[in-house]
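Working notes for the structure below.
Positions are given from 1 along the sequence. Only this structure's heavy atoms are used, side chains among them; waters, hydrogens and symmetry mates stay out.
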Amino acid sequence: MSGYQLDLPGGQSVAIDEKGYLLDWRDWSPEVAEVMATADGVTLDDEHWAILEIFRGYFERYEIEPPMRALVRQAGEVLGDDKGSSRYLYQLFRDGPGTQACRYAGLPRPVSCV
């Protein structure tokens, strides 16, 4: 178990690893995403939340974070063709949708980030 904690409003906290990923994805809440994003200087808007929902839905189905190709495809299907591109995703998550959005969505650290 890690000694790292993410402090949430109301005196709550959740366990995270040294890179800021939740140790247990079930500890996620919208407040977790907000605190993580705020620490990164990001304000989450409806477009961000839509991508986070895609991440979480994919993880719940397949128990793995979505690979970039699947994420782009689902973003296009759910949000429209104009949003189904890696360029769009990188505009929202400048540190990389596969890492930054994954962290905000409360998912385990992607294998490519180990």
Close side-chain approach of Pro97 and Leu71, heavy atoms under 4.5 Å: yes
Value rounded to 0.5 Å, distance of CD1 in Ile64 from SG in Cys102: 9.5 Å
Arg103 with Asp40: basic N within carboxylate O range, under 4.0 Å: yes
Atom pair CG/CZ of Leu92 and Arg87 - distance to nearest 0.5 Å: 13.5 Å
Partner set under side chain to side chain contact (heavy atoms under 4.5 Å, CB included) for Arg61, not counting sequence neighbours: Tyr58, Gln74
Exercise: identify the closest heavy-atom pair between Ala105 and Leu52: N-CD2, 3.9 Å
Asp81 atom CG: more than 12 heavy-atom contacts under 6.0 Å: no
salt_bridge(Lys19, Asp17) N-O dist < 4.0 Å: no
Heavy-atom side-chain contact between Ile54 and Glu77 under 4.5 Å: no
Derivation and outcome, side chain to side chain contact (heavy atoms under 4.5 Å, CB included), residues Glu53 and Val78: CA-CA 10 Å; Glu53 287 177 23; Val78 173; over 6 Å; no
Over all atoms of both residues, closest heavy-atom pair of Ala37 and Leu44: CB-CG, 3.6 Å
Residue pair Asp27 / Ile16, side-chain heavy-atom distance below 4.5 Å: no
Nearest heavy-atom neighbours spanning Ala75 and Ile51: CB-CD1, 4.1 Å
Min side-chain heavy-atom separation Pro108-Glu65 under 4.5 Å: no
Residue pair Lys83 / Glu47, side-chain heavy-atom distance below 4.5 Å: yes
Neighbour count above 12 (heavy atom, 6.0 Å) for Glu63 CD: no
Tyr21 side chain vs Thr99 backbone, donor-acceptor pair below 3.5 Å: yes
For the student: nearest non-hydrogen atoms of Gly98 and Phe55, plus distance: CA-CZ, 4.3 Å
His48 side chain reached by Tyr104 side chain, heavy atoms, under 4.5 Å: no
Close side-chain approach of Val32 to Leu8, heavy-atom, < 4.5 Å: yes
Validation row: Asp82, Tyr88 side chains within 4.5 angstrom (heavy atoms): no
Residue pair Ser86 / Val72: nearest heavy atoms and the distance that separates them: N-CG2, 3.7 Å
